[in-house]
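When a residue number appears, it is its place in the shown sequence, counting from 1. One-based numbering, in listed order, for ligands and for the atoms of each.
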Amino acid sequence: MERIVILSGAGLSAESGLGTFRDAGGIWQKYDLEEVATPEGFARNPALVHEFYNARRANCAGAVPNAAHRALADLQHAHPEAITLVTQNVDDLLERAGARSVIHMHGQLTRARCAGCGHLWAAPMVMQPDDPCPACAARATRPDIVWFGEFPHHMEAIGAALEATDLFVAIGTSGNVYPAAGFVREARAFGARTLELNLERSGTSGLFHQTRLGPASRIVPDWVAGMLGQD
Ligand code: OAD
């Protein structure tokens, strides 16, 4: 099979009941991004930021993968060498659907990180500002989430995958947040074909060779069935 890089966003998990960010009623209409998703907001009020991510961790634990997560895991199982799964999502629904080696460029709710020594460990369901780091004991515990103004994780590996890929597919992302929003241009510059699967046209739809519209739970399994049918 040809090489495929798949970038997912909040739309992939919307039908599992996890809210998106910028749709009507989305997370950034209910919360002030500056207060809960920036290093400055965390410095001002760590308890508020932990409370926000504790609530999202609880939502995530109560959610189940949908047909789109399962279809992507099936595609990866069928062609583990060909498929690179990159996600902006901090939930673990792709993993719980059976996917492996998912590149979480914006971090993961299930991990805690020490801002002092960089140690990573499994996040407890409820994190608090004075939780000590299990490695260095510093009281500088934060969620392993990439906030606005911070560098996304794994950019080198993602860049290499975009350079090598034959097809780039973006699923359920509005194309508002860089660097992920720029991956379609990067992939095209390296000669890849590009496909967008989204509920509605996004800000970056015009950059894709093709856009297919509909809910992820329908259009992702349809697309995967088509790809597996070509085997
Ligand atoms: P957004 O909320 O910006 O966009 C979600 C996209 O999914 C929109 O284009 C919706 O139309 C689409 N969508 C909604 N429901 C869908 C469904 N059932 N099926 C398919 N598509 C659907 O979320 P992201 O693009 O993921 O970062 O946001 C990117 C980053 O901004 C997030 O990782 C987060 C946020 O601020 C940080 O917190 C650092």
Side-chain angles (χ1 to χ4, degrees), residues 6-42 48-50 52-57 59-60 63-72 85-94 97 102-109 111 113 142-155 158 168-184 195-208 210-224:
I6 300 170
L7 170 72
S8 52
L12 178 67
S13 298
E15 289 161 88
S16 294
L18 301 183
T20 59
F21 294 95
R22 296 175 183 78
D23 294 305
I27 293 172
W28 296 148
Q29 286 186 0
K30 296 180 198 144
Y31 295 90
D32 184 346
L33 180 159
E34 295 293 334
E35 297 306 323
V36 299
T38 62
E40 296 76 19
F42 187 61
L48 176 79
V49 175
H50 277 304
F52 173 71
Y53 288 102
N54 288 342
R56 295 191 59 203
R57 193 175 298 110
N59 284 346
C60 176
V64 290
N66 66 53
H69 298 106
R70 292 195 297 272
L72 294 178
L85 295 174
V86 181
T87 190
Q88 299 167 88
N89 297 345
V90 295
D91 65 58
D92 60 354
L93 295 179
L94 275 168
V102 180
I103 299 177
H104 280 273
M105 62 181 293
H106 289 170
Q108 291 174 259
L109 285 167
R111 281 202 319 205
R113 174 154 50 102
R142 55 170 287 176
D144 183 32
I145 301 286
V146 175
W147 289 322
F148 287 92
E150 297 185 318
F151 284 110
H153 297 335
H154 312 299
M155 287 306 294
I158 297 170
F168 171 76
V169 183
I171 301 174
T173 179
S174 64
N176 274 292
V177 176
Y178 283 82
F183 291 171
V184 57
L195 167 67
E196 179 186 48
L197 304 175
N198 211 52
L199 188 61
E200 54 195 18
R201 285 184 70 78
S202 72
T204 46
S205 291
L207 299 173
F208 288 81
Q210 196 194 353
T211 291
R212 295 191 200 170
L213 300 181
S217 65
R218 179 169 56 78
I219 60 176
V220 174
D222 283 357
W223 171 69
V224 167

Notebook entry, point to check: When L12 is tested against each of L7, N89, L93 for side chain to side chain contact (heavy atoms under 4.5 Å, CB included), which residue passes?
Noted result: N89
Next item on the list: Select one of side chain, backbone, both or neither to describe which atoms of R22 lie under 4.0 Å from any atom of ligand 1, heavy atoms only.
Entry: both
Checklist line | pair H104-L94: side-chain heavy atoms closer than 4.5 Å | finding: no
Next item on the list: Quick one: look up the protein heavy atom nearest atom 32 (C) of ligand 1 and list residue, atom name and how far away it is.
Entry: F21 CE1, 3.5 Å
Next item on the list: Answer yes or no: is there a donor N or O on one side and an acceptor on the other, between the side chain of E15 and the main chain of S217, under 3.5 Å?
Entry: yes
Notebook entry, point to check: Hey, is A37 touching ligand 1 through its side chain, its backbone, both or neither, going by heavy atoms under 4.0 Å?
Noted result: neither
Margin query: Is it true that N54 and R57 share a donor-acceptor pair across their side chains at a distance under 3.5 Å?
Written below: yes
Note to self: Please determine whether side-chain contact (heavy atoms from CB on, under 4.5 Å) holds for the pair T173 and F21, giving the CA-CA distance in whole Å, both sets of side-chain angles, and the decisive distance to 0.1 Å.
What the structure shows: CA-CA 10 Å; T173 179; F21 294 95; over 6 Å; no
Notebook entry, point to check: Should one rank G11, A180, G203 by closest heavy-atom distance to atom 17 (C) of ligand 1, which comes out on top?
Noted result: G11
Note to self: For L33, which part has a heavy atom under 4.0 Å from ligand 1: side chain, backbone, both, or neither?
What the structure shows: neither
Notebook entry, point to check: Nearest 0.5 Å, what's the CZ-CD1 distance between F52 and I145?
Noted result: 9.0 Å
Margin query: Within the 4.0 Å heavy-atom shell around E200, which atoms of ligand 1 are there?
Written below: 11 (O)
Next item on the list: Take E200 and D23 through the side-chain contact (heavy atoms from CB on, under 4.5 Å) test and state the conclusion after the steps.
Entry: CA-CA 11 Å; E200 54 195 18; D23 294 305; 4.0 Å; yes
Next item on the list: Measure the acute angle between the ring planes of Y53 and W147, then classify it against the limits of 30° and 60° as parallel, tilted or perpendicular.
Entry: tilted
Next item on the list: Considering heavy atoms of the protein only, find what lies nearest to atom 36 (O) of ligand 1 and give residue, atom and distance to 0.1 Å.
Entry: W28 NE1, 2.8 Å
Check: In ligand 1, which numbered atoms sit nearer than 4.0 Å to a non-hydrogen atom of V146?
Finding: 39 (C)
Item checked: N or O pair under 3.5 Å between S174 and ligand 1 -> yes
Notebook entry, point to check: What atoms of ligand 1 come closer than 4.0 angstrom to any heavy atom of P215?
Noted result: 19 (N)
Item checked: Numbering as shown, the atoms of ligand 1 that approach G9 to under 4.0 Å (heavy-atom distance) -> 26 (O)
Notebook entry, point to check: What protein heavy atom is closest to atom 6 (C) of ligand 1, reported as residue, atom name and distance in Å?
Noted result: G172 O, 3.5 Å
Margin query: What I'd like to find out is whether the side chain of H153 reaches to under 4.5 Å of the side chain of D144, using heavy atoms alone.
Written below: yes
Margin query: Which residue and atom name correspond to the protein heavy atom nearest atom 18 (N) of ligand 1, and how close is it?
Written below: E15 OE2, 2.9 Å
Item checked: Close N or O approach (S202, ligand 1; < 3.5 Å) -> no
Next item on the list: Can you sort out which atoms of ligand 1 are near A14, meaning under 4.0 Å from one of its heavy atoms?
Entry: 15 (N)
Next item on the list: Report the part of T173 (side chain from C-beta onward, or backbone N, CA, C, O) that has a heavy atom under 4.0 Å from ligand 1; answer both or neither where that applies.
Entry: both
Notebook entry, point to check: So, do T211 and N198 sit near enough that their side-chain heavy atoms are less than 4.5 Å apart?
Noted result: no
Check: Among protein heavy atoms, which lies nearest atom 26 (O) of ligand 1, and at what distance?
Finding: A10 N, 2.8 Å
Next item on the list: Identify, for atom 29 (C) of ligand 1, the protein heavy atom at the shortest distance, and state residue, atom and that distance.
Entry: Q88 OE1, 3.3 Å
Note to self: Quick test: of every protein heavy atom, which one is nearest to atom 14 (C) of ligand 1, and how far off is it to 0.1 Å?
What the structure shows: D23 OD2, 3.5 Å
Item checked: atom 27 (O) of ligand 1 - nearest protein heavy atom and its distance -> H106 ND1, 3.5 Å
Checklist line | Donor-acceptor pair, side chain of S13 and main chain of S16, under 3.5 angstrom | finding: no
Checklist line | 4.5 Å side-chain heavy-atom contact, I27 and R56 | finding: yes
